[in-house]
Amino acid sequence: MLPSTMRGWAAVVSAGAVAVLGALGLASIASSDDGQAVGRAAALSETRADTLQRYAVLQDPSRRATGETVAKAQSALAQAFHITPAESARAVVATAREDAAARVTVTGLQANGVCLSVSDHGSDSGSVGCTDTAYAGDAAHPLIAVDSVGEGRTRVTALLVDGISSLTVTGQDDARDVRVSDNVATAVVDSGPLTLSWTDQDGAEHRVSTTAG
Amino acid sequence: MPSHRSPSPARVLAVLGAILASSLALAYPARGDVDQWGCGSYGSAQTCWAGTGYRGYNEVNSGTWAGTPPRSEWCAKAQGSGGTIKAGSGCNLNAVTRISCLDNVSPNSAAYAYWAGSGSTLDVFAEARTPSSPSGHC
């Protein structure tokens with residue numbers, strides 16, 4: 001698995017990048033003011049320390065995808081989606097799910113934010129992406145990974161809030177409904193621009209489309 | 001068995017150390033095993049290449065400041081000289097960060113970050129790593 005606090009990673013990289021870019025005299029990219037850049041880097045460093053403390057818990061091997069872990073984590077994740085950002089800052093939860101068919105482990109982490117981690121057990125590939133809890137907990141803004149798996153195929157993995165039963169994946173030539181199980185929907189489809197749509201528990205319809213980037 | 005290893009706090013600290021150490025050198029892009037680049041400040045969709053040519057990367061990452069509202073797509077990819085997107089590349093929708101662990105080592109690949117969706121101006125940072133990088137995530 002790739003449990004990771006991308007928020008922490010972003011902070012680390014951002015702080016480093018500020019230093020690198022500042023050293024290069026590219027202050028217009030990193031910051032218009034050196035003092036401001038240093039201050040921002042320091043603030044990010046504090047965030048990183050908090051993140052690392054939480055992350056130590058998530059490193060526990062017992063949190064791997066055993067049945068008990070999955071059950072606890074799923075419950076915790078669902079709870080995380082319904083608490084306020086302030087409350088979420090004090091929480092550390094994780095969920096993991098094995099999908100034998102897709103050979104994928106999906107992990108949602110919640111510290112200050114929610115992360116979606118996807119590991120393909122059939123290769124060395126995988127991905128992590130994160131966002132703030134407030135957004136991930138919004139039915140309109142679920143975290144979705146769109147990963148190239150080679151041979152012109154793409155794996156879509158969505159981490160959805162409670163009350164969403166299926167995700168419709170529409171490609172260039174077809175559309176398919178993917179069942180949501182334990183807040184996760186995953187499918188492998190042909191590569192190309194995709195439109196993903198879902199209906200939340202209030203009946204509101206949502207969609208997001210990928211671009212060719 | 002999955003080949004991914006969870007980056008330990010010590011490894012993350014090592015990342016910080018490596019990045020800060022690299023900041024002491026004026027070489028750009030970063031030397032050796034890690035290429036890092038900034039993408040400037042933009043509010044709309046952008047593609048931002050590493051500019052380091054084709055290398056044997058196994059990891060491409062991109063992100064912005066913590067607390068930034070998510071964008072519709074946030075991507076970190078490696079592309080072969082023939083234009084093929086390397087397996088493991090991809091995007092996260094409604095996110096502000098992306099780690100892409102490529103399928104094994106992708107020889108001769110060019111790395112880039114991409115993000116789509118409108119919003120306030122944001123700073124984007126990216127890096128690409130080779131397998132000999134001591135502190136990668138993959």
Side-chain angles (χ1 to χ4, degrees), chain A residues 1-4 6-17 19-24 26 29-30 40 44 47-48 52 55-56 58-59 105 112-113 116 119-121 123-132 135-136 141-150 154 191 196 208 210-211 213, chain B residues 1-4 6-9 12-13 15-16 19-20 22-26 28 30 36 38-41 45 47 58 61 63-67 69-70 72-75 77 85-104 114-116 123 125 127 137-138:
Chain A
M1 290 196 303
L2 263 177
S4 174
M6 274 292 292
R7 200 181 167 86
W9 176 84
V12 169
V13 172
S14 298
V20 171
L21 297 175
L24 290 169
L26 300 178
I29 294 177
R40 293 170 77 181
L44 288 167
T47 300
R48 181 182 61 80
L52 290 178
Y55 186 62
L58 298 172
Q59 289 283 327
T105 298
N112 285 327
L116 171 60
S119 293
D120 188 329
H121 294 188
S123 71
D124 289 337
S125 64
S127 68
V128 182
C130 299
T131 190
D132 277 5
Y135 295 104
H141 297 93
L143 261 176
I144 302 173
V146 180
D147 303 326
S148 171
V149 294
T154 295
S191 296
L196 311 174
V208 62
T210 65
T211 60
Chain B
M1 290 293 291
S3 60
H4 296 304
S6 302
S8 66
V12 176
L13 285 172
V15 172
L16 177 63
I19 292 172
L20 293 178
S22 69
S23 70
L24 300 177
L26 296 182
Y28 183 83
Q36 298 169 336
C39 298
S41 299
T47 300
N58 72 325
N61 306 320
T64 188
W65 302 100
S72 59
E73 286 184 276
W74 201 282
C75 312
K77 296 186 177 184
I85 298 299
K86 299 293 186 179
S89 299
C91 306
N92 285 93
L93 312 186
N94 300 313
V96 293
T97 57
R98 167 80 190 192
I99 290 176
S100 291
C101 295
L102 306 180
D103 185 357
N104 297 310
Y114 170 84
W115 63 99
D123 299 326
F125 310 101
E127 65 176 13
H137 302 273
C138 302

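Because only heavy atoms are used, hydrogens play no part in the values below, and waters and symmetry mates are left out as well, while side chains stay in. Here is the naming used below: chain letters follow the sequence lines, and residue numbers restart at 1 for every chain. Given the structure is predicted, the values throughout are model-derived calculations rather than measurements.
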| said: Regarding Asp123(B) and Thr64(B), do their side chains bring together a donor and an acceptor under 3.5 Å, going by distance alone? | reply: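 Distance-only check fails for Asp123(B) and Thr64(B).
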| Does a donor on one side chain sit under 3.5 Å from an acceptor on the other, for Ser100(B) and Ser89(B)? |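 Short answer, no.
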| message | I'd like to verify something: which residue of Leu143(A), Val208(A), Val149(A) has the highest number of heavy-atom pairs under 4.5 Å with chain B? | response |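 Highest number of pairs under 4.5 Å: Leu143(A).
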| task | Of all the heavy-atom pairs spanning Thr210(A) and Val146(A), show the shortest one and how long it is. | result |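 Shortest heavy-atom separation between Thr210(A) and Val146(A) comes out as CG2-CG2, 4.3 Å.
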| said: I need the residue from Leu93(B), Ile85(B), Thr47(B) with the largest number of non-hydrogen atom pairs under 4.5 Å to chain A. | reply: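 Going by pairs under 4.5 Å, I would pick Leu93(B).
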| In terms of heavy-atom pairs under 4.5 Å with chain A, which of Cys75(B), Ser72(B), Pro69(B) leads? |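 Heavy-atom pairs under 4.5 Å are most numerous for Pro69(B).
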| field | Test item: Asp147(A) side-chain N/O and Gly90(B) main-chain N/O as donor-acceptor pair under 3.5 Å | value |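 Side chain of Asp147(A) to backbone of Gly90(B): no pair is present.
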